[in-house]
Every structure is written in structure tokens, then in C-alpha cells.
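One structure below.
Whatever order the structure lists them in is the order used to number ligands and atoms, beginning at 1.
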Amino acid sequence: METGSIAERFRERSILITGSTGFPAKMLVEKILRIQPDVRKLYLLVRAPDAAAAEERLLTEVVGKGLFDVLREQHGASFHSFIKEKVCPLPGDITHQNFGLGNSEILQLSQDVDIIVDGAATTNFMERYDVALATNTAVVIHLCQFAKQCDNLKMLLHVSTAYVAGEKAGLLLEKPFQIGARHYDKGHTLWLAKYICADESYGRDVTSTIGTRPSIPGDMVINAMMAAINSHWKKQAQVIYHVTSAHQNPLPLSLIVESMYKYFHINPRTNKDGKIIKNKRVLMFKRFAYFQAYMTLRYKVPLEMMHAANVLFGGIYSKNYKKLNRGYNILMTGKGVRPICLLQRMVRASF
Ligand SMILES: NC(=O)c1ccc[n+]([C@@H]2O[C@H](COP(=O)([O-])OP(=O)(O)OC[C@H]3O[C@@H](n4cnc5c(N)ncnc54)[C@H](OP(=O)(O)O)[C@@H]3O)[C@@H](O)[C@H]2O)c1
């Protein structure tokens, strides 16, 4: 499919996007505005107490970011009027019915919206289970209920994560989700969301779910999202895509890590005081057991020595020991997922 024809799909369309202060949804907002300035409206649901606060978040946390520099340059002095005309921030919360919006707003949205992109989630691997369940799972019920009210909806796209595929290795075939498989903690709530999404919407509206892996560059994910919207326009089916590296043209995490290292070597990052942050190579482990062994030798053994010294010297290292030990435990109970999150944060820092 030609890029041009995908861009055409968004001409004169209104899109409700959740999670635009987050990573993939923010990139989607930028890309749509850049390649299809004739989009009718982007409604961005932003967590905020009122309209003014939502607008403030839009300006500082979405369009104010370096990611929008190309657009800013393209539009010059009219950038802000362009954003004002095309983007409508809505103060809301996905965990509430109708996202906590008023009746008149919901009515207007339901009459206008052609596409819904759900990019909101809690991505905190240490999240309390009830909060994760409310944000990543129950929310899909509200989303589907709203989708059913929309007169002109052509597409509902739910963004998720590849972790919902569980811990299987080898060739993974795409097939509808069934209750009973093993999943990661946060993936579990997101997998349930997919299941509900399928159950609530199947046969009514087009529903597509995009699962992505942390090692896939964000622009590829956004392109896949837009291509999925285009390909399944008005089609009555539920389709699940995994955006991931495959046997053909593989993109190993090691290549991304090395590219990032080289990039930040040439373009060093600075801290708040303008000092250059040392560019370190990210450690990569082929097996979780190697990671555990490294962590034990590098951190656990010195921590235990600190603990012994603490007991010996009447608790003078108590505060430090507790802090470091807590950090160690958080890292290790994250089952190695935490380092990947740190890596993602480094990628985000470049936007
Ligand atoms: N980032 C990646 O590289 C990546 C990779 C694979 C998959 N994904 C998937 O993409 C989805 C979004 O991830 P992300 O990286 O964008 O996460 P993120 O950066 O943490 O952003 C999450 C977004 O959801 C919003 N949100 C959370 N709770 C909300 C609520 N109750 N009401 C309204 N908005 C709420 C957040 O708003 P606030 O700003 O108010 O918190 C934020 O905009 C997840 O399903 C994730 O698994 C992301």
C-alpha cells in the first residue's frame, strides 16, 4: 500500500486518541498532523481536572516536545493556530464511564468520530494490581461502550504490548485469545483487555489490536498502526497484529543498543546543569541466568557485606542499605523487564 493512499485515509476524518501524553500515541498525533494536515480533528483525551489544564498538558507534554519540531518548522508562525484548529484536548479519564466527559461532549464526539485509537495504559511494571486492572482492562469496556454509540465509526484500534503473547518461544502464530494461557503481570491485564475488546466489539465494529515489542522503533509502530487502520477500514473483523522483528530482515535489540550508543557518542546528552552525561554501553545478557549471576556478584554480594558491616557497627549503614536493597529487589522482581524499560526511557529521552 502506498504511503500517499494511507495518508488520504485520514483526510477530513476525526480521530479520538487516548494516551497522547505517552509514547506511541504522541508519535501518532505528530505523524497524522505532518502527513495529513487536512485531517478534520484530533480529539485527545488527556488526564486533567478541567479544559484549561488539559490544554496546558497538550501544549507542554505533547506539541511542545522536540518531536514536533519538523511540524513547527513547516508551519512557522501559524503553528499554534494550526494546532488549535486541528487538535482538541478533552479533560478525561479512561477509567470512568464515557471517560468522565459530559453528555454534550459525548454526544458531539459520538457524532463526529471516525476512528478511535486507544493508546492509554499504565506501563508501570510495579503497578498495584487493582490500578493496573482498572486502567488496562476495565477501561476497554468503557471504550467499547462508547464505540457502540458512535454513528460513523470505521475503526477502533487498541494498542497493547507483545508481552500478552506470554513466554512462548519459536514460531508464534496469530490467533484469537483464549483464557487459560500464562502471561506476565502487566501483560496479563493488557491481555484481558484484548479479550474483552474482542468479546465486546466483534461483529459490530472493526477492531484491531496492535501489540508491539520494546525493541521496535516507534516510527515503525506508528506506520503499522496507520496501515492497519487503512487496511481494515469499515471491515467487520477483529484483527491482531504483532509489530515485531522477524526472520526476514531481523532487528535484534543488540543492533538498536549499539546504534543508540553510537548516536549518543556523537550527540551527547546533558543533564539539568548542562553537564554531559557519560555515554555508557548497555549491558546485554543472552540468558536471564547470566543476568542474575551478574547482579549477584556485582550488587548482591557487596550488599550482603554492607548488611554484615551494618550489624557489626550498630546500624550506621541502615539508611543506605535499605535504599540500595530496595532498588535491588525492585530490579530483580521486575524479572529483567526493568532494564528494558530503562532502555526505552533512553529512547524516549531523544524525543
Ligand atoms: N512505549 C513503547 O515503546 C511501547 C512498546 C510496546 C507497547 N507499548 C504499548 O503502548 C501502550 C501505551 O504505552 P506508552 O508507552 O505510551 O505508555 P506511557 O508513556 O506510560 O503513557 C501512557 C499513557 O496513558 C495515559 N493514561 C494512563 N492512565 C490513564 C487514565 N486513567 N486516563 C487517561 N489516560 C491515562 C497516560 O496519561 P498520563 O500522562 O496522565 O499518565 C499516558 O498518556 C501500552 O499498551 C504499551 O504496552 C508501548
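Any N or O atom pair closer than 3.5 Å counts here, and Gly119 shares no such pair with ligand 1. On a distance-only criterion, Ala120 and ligand 1 share no N/O pair closer than 3.5 Å. For ligand 1, the polar-atom distance check against Arg47 finds a nitrogen or oxygen pair separated by under 3.5 Å. Residue Thr21 places at least one N or O, backbone or side chain, under 3.5 Å from an N or O of ligand 1. Looking at ligand 1, you'll find an N or O of Arg57 within less than 3.5 Å of one of its N or O atoms.
Residues Leu324 and Val311 are members of separate hydrophobic clusters, defined by side-chain heavy-atom contacts under 4.5 angstrom among Ile, Leu, Val, Met, Phe, Trp and Tyr.
Assignment of Val159 to the shell around ligand 1 is supported, since a heavy atom sits closer than 4.0 Å. At least one heavy atom of Asp93 sits less than 4.0 Å from an atom of ligand 1. Residue contacts with ligand 1 include Thr95, since one or more of its heavy atoms lies under 4.0 Å from the ligand.
Counted within 6.0 Å of OH on Tyr328, heavy atoms from surrounding residues, nucleotides or ligands total more than 12; the atom is thus considered enclosed. Atom NZ of Lys84 has 12 or fewer heavy atoms from other residues, nucleotides or ligands within 6.0 Å. Counting non-hydrogen atoms of neighbouring residues, nucleotides and ligands closer than 6.0 angstrom, the CG atom of Asn103 reaches no more than 12 such neighbours.
Proximity annotation for atom 22 (C) of ligand 1: of Ala121, Gly92, Gly19, Ala121 comes nearest, heavy atoms only.
With no hydrogens or angles considered, no side-chain donor-acceptor pair links Asn98 and Gln145 at under 3.5 Å.
Put simply, CG on Leu58 and CD1 on Ile83 are 7.0 Å apart, with the number rounded to the nearest 0.5 Å.
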Side-chain donor-acceptor pairs of residues 288-299 under 3.5 Å, sequence neighbours excluded:
{"residue": "Tyr290", "atom": "OH", "partner": "Arg287", "partner atom": "NE", "Å": "3.4"}
{"residue": "Thr296", "atom": "OG1", "partner": "Gln292", "partner atom": "O", "Å": "2.8"}

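If you number the atoms of ligand 1 from 1 as listed, the ones under 4.0 Å from a heavy atom of Gly22 come out as 16 (O), 18 (P), 19 (O), 21 (O), 42 (C), 43 (O).
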